Structure formats: C-alpha cells, structure tokens
Amino acid sequence: MKHKILFVCLGNICRSPAAEAIMRSLSVKEGRIGIEIDSAGTYAGHTGELPDPRMRRAAAARGIEMTHRARQIREEDFELFDRIVVMDDSNYERVSRLPPDRAALGKVYRFVGFCTHHPQWSYVPDPYYEGREGFELVLDILEDGCRGLLAELDTRE
Ligand code: 4NP
C-alpha cells in the first residue's frame, strides 16, 4: 500500500523538514518502499528557503541531509496526502481550518502520538529561538516519532 505523509510545522524550515528527512532516511535504511513524504508550514514567510542552517548542521551530524525548500500548506494537500502530521497545537488549529469538511480532519495527527520515548512532551517544541540543545532535543523527538510512525505503516506491496 502506498502511504503519503505530510509533516507540518510553523515555518517549514526546522521541525517538519527535519521530520521529512529523518523519515526518508529511516525508510531507505529499512528498505521500505511506497512511502511518499513531504513537509510544509502554516506560515508562508520562509517560502523557497532551505532549512535553517542550525537544523541542517545538527541533522548532518547525524548523517541526515536536508534539501527541502519551504512551502506553505494548502487545502489541496488534504487530497494529496493521507496523513498530515503536525508538530504542535497551533499547527493543529491552523491546519484544521483548511479543509471544507470536518471529515478531512481525520487525516490530521499529532507527531508526538507516534513517540514512545518522550512521554513528557505533548508537542514538538519550536527550536527557532533555542540554542544547540534545543535542536538536539527536537531531533531526538523526531527520530523517536518517525520510528513509531514507520512501525505503524504496512509497506508490503
Ligand atoms: P519551524 O520553526 O516551525 O520548526 O520551522 C520556526 C521557523 C521560523 C519561525 C518560527 C519557527 N519564524 O518565526 O520565522
């Protein structure tokens, strides 16, 4: 079965492109096929930009390359993707206003719902105004949740 997953945060330059890159790296390592992954932000201000250099550096140190160009989520994404995975409550609220019908909201998931090692976190914290440790914490949470999400997906053909 084909899975189409869209990770969403505010700026699409820190958390969601990192989740996208980690998910892609994990699925390649595990030889999983049929997973389409993308990311987007609720805010358009960084459109076209590469991820934040601090996040790219922290991810590169873990062997993960980030090449995504930021874009804003749009209503059409509810048709193109079958899971829309948000980082925090503010993302959830903004994303929920996009589709014309409430049934589509069944596609919206909170990222931390897939984590098994970070029970104290009810959201993925925004690292934008944080130091190095903030980025490392976010990557730890993202690696945890991406493993959990991948385990849920049946990628047999
Ligand atoms: P992200 O982080 O939502 O994880 O990409 C942020 C990026 C940019 C801003 C805030 C958070 N900003 O205010 O520009």
Side-chain angles (χ1 to χ4, degrees), residues 3-28 35-99 104-150 152-153:
H3 297 278
K4 296 178 185 176
I5 298 163
L6 181 70
F7 293 107
V8 176
C9 62
L10 172 61
N12 194 212
I13 55 169
C14 293
R15 294 166 292 176
S16 64
E20 175 194 342
I22 289 167
M23 192 70 180
R24 190 166 292 123
S25 159
L26 278 177
S27 55
V28 167
I35 307 178
E36 193 178 306
I37 309 154
D38 194 7
S39 64
T42 58
Y43 167 64
H46 294 282
T47 298
E49 292 179 20
L50 278 170
D52 187 300
R54 297 167 295 172
M55 184 55 102
R56 272 191 282 154
R57 253 193 314 274
R62 299 181 186 214
I64 292 155
E65 197 194 357
M66 296 173 68
T67 57
H68 179 78
R69 293 280 175 173
R71 73 169 179 93
Q72 189 175 30
I73 187 172
R74 41 188 185 257
E75 185 185 331
E76 173 192 44
D77 286 316
F78 274 86
E79 281 148 42
L80 298 176
F81 294 90
D82 38 48
R83 290 193 195 224
I84 294 177
V85 184
V86 301
M87 299 294 150
D88 62 32
D89 287 347
S90 166
N91 307 152
Y92 194 100
E93 208 259 319
R94 281 164 188 270
V95 160
S96 300
R97 289 194 219 143
L98 287 173
L105 297 184
K107 291 187 169 186
V108 186
Y109 297 80
R110 284 185 168 80
F111 186 91
V112 289
F114 301 108
C115 289
T116 50
H117 301 295
H118 294 85
Q120 68 276 44
W121 287 99
S122 58
Y123 58 94
V124 182
D126 183 349
Y128 196 67
Y129 298 104
E130 301 288 331
R132 227 191 97 107
E133 278 172 24
F135 286 85
E136 294 301 331
L137 170 65
V138 166
L139 287 173
D140 288 344
I141 296 174
L142 294 179
E143 285 182 345
D144 181 10
C146 283
R147 283 204 177 84
L149 174 55
L150 195 57
E152 268 195 20
L153 303 179

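Keep in mind that this is a model prediction, so the values were computed, not measured. Every number for a ligand or one of its atoms is a count from 1 in the order of the listing.
Close approach of ligand 1 to C14 (heavy-atom distance below 4.0 Å) involves ligand atoms 1 (P), 2 (O), 4 (O), 5 (O). Close contacts between ligand 1 and I13 involve ligand atoms 5 (O), 7 (C), 8 (C) [criterion: under 4.0 Å to a heavy atom]. Interface of G11 with ligand 1, defined as ligand atoms under 4.0 Å from a residue heavy atom, comprises 1 (P), 3 (O), 5 (O), 7 (C). Interface atoms of ligand 1 facing D126, defined by a heavy-atom separation under 4.0 Å, are 2 (O), 6 (C), 10 (C), 11 (C).
Legend: salt bridge (Lys or Arg N to Asp or Glu O under 4.0 Å) pairs involving residues 105-130, not counting sequence neighbours, sorted by first then second residue: D89-R110.
The backbone and the side chain of L10 each have at least one atom closer than 4.0 Å to an atom of ligand 1 (non-hydrogen atoms only). By the criterion of a heavy-atom distance under 4.0 Å, neither the backbone nor the side chain of D52 is placed next to ligand 1.
The one candidate from Y123, F111, Y92 that meets the side chain to side chain contact (heavy atoms under 4.5 Å, CB included) condition with M87 is F111.
With salt bridges taken as basic N to acidic carboxylate O contacts below 4.0 Å, one links D77 and R71.
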Just do the side chain to side chain contact (heavy atoms under 4.5 Å, CB included) check on Y128 and L10 with the steps written out, would you?
CA-CA 10 Å; Y128 196 67; L10 172 61; over 6 Å; no
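Residues H68 and N12 bring a donor and an acceptor atom of their side chains to less than 3.5 Å of each other. For the residue pair D144 / H117, no side-chain donor-acceptor distance below 3.5 Å is found, with atom types taken as modelled.
Side-chain contact between I22 and R62 is absent, with no heavy atoms from C-beta onward closer than 4.5 Å.
Of all the listed residues (Y129, F135, Y128), Y128 holds the heavy atom that lies closest to atom 7 (C) of ligand 1.
Contacts of E75 classified as salt bridge (charged side-chain N to carboxylate O under 4.0 Å, His left out), with partners at least two apart in sequence or in another chain: none.
The N/O atoms of R15, backbone and side chain alike, include one that comes under 3.5 Å of an N/O atom in ligand 1. Residue-to-ligand polar distances keep C9 apart from ligand 1: every N/O pair is separated by 3.5 Å or more. Distances between N or O atoms of Y43 and those of ligand 1 include no value under 3.5 Å.
Heavy atoms of H46 approach ligand 1 to within less than 4.0 angstrom.
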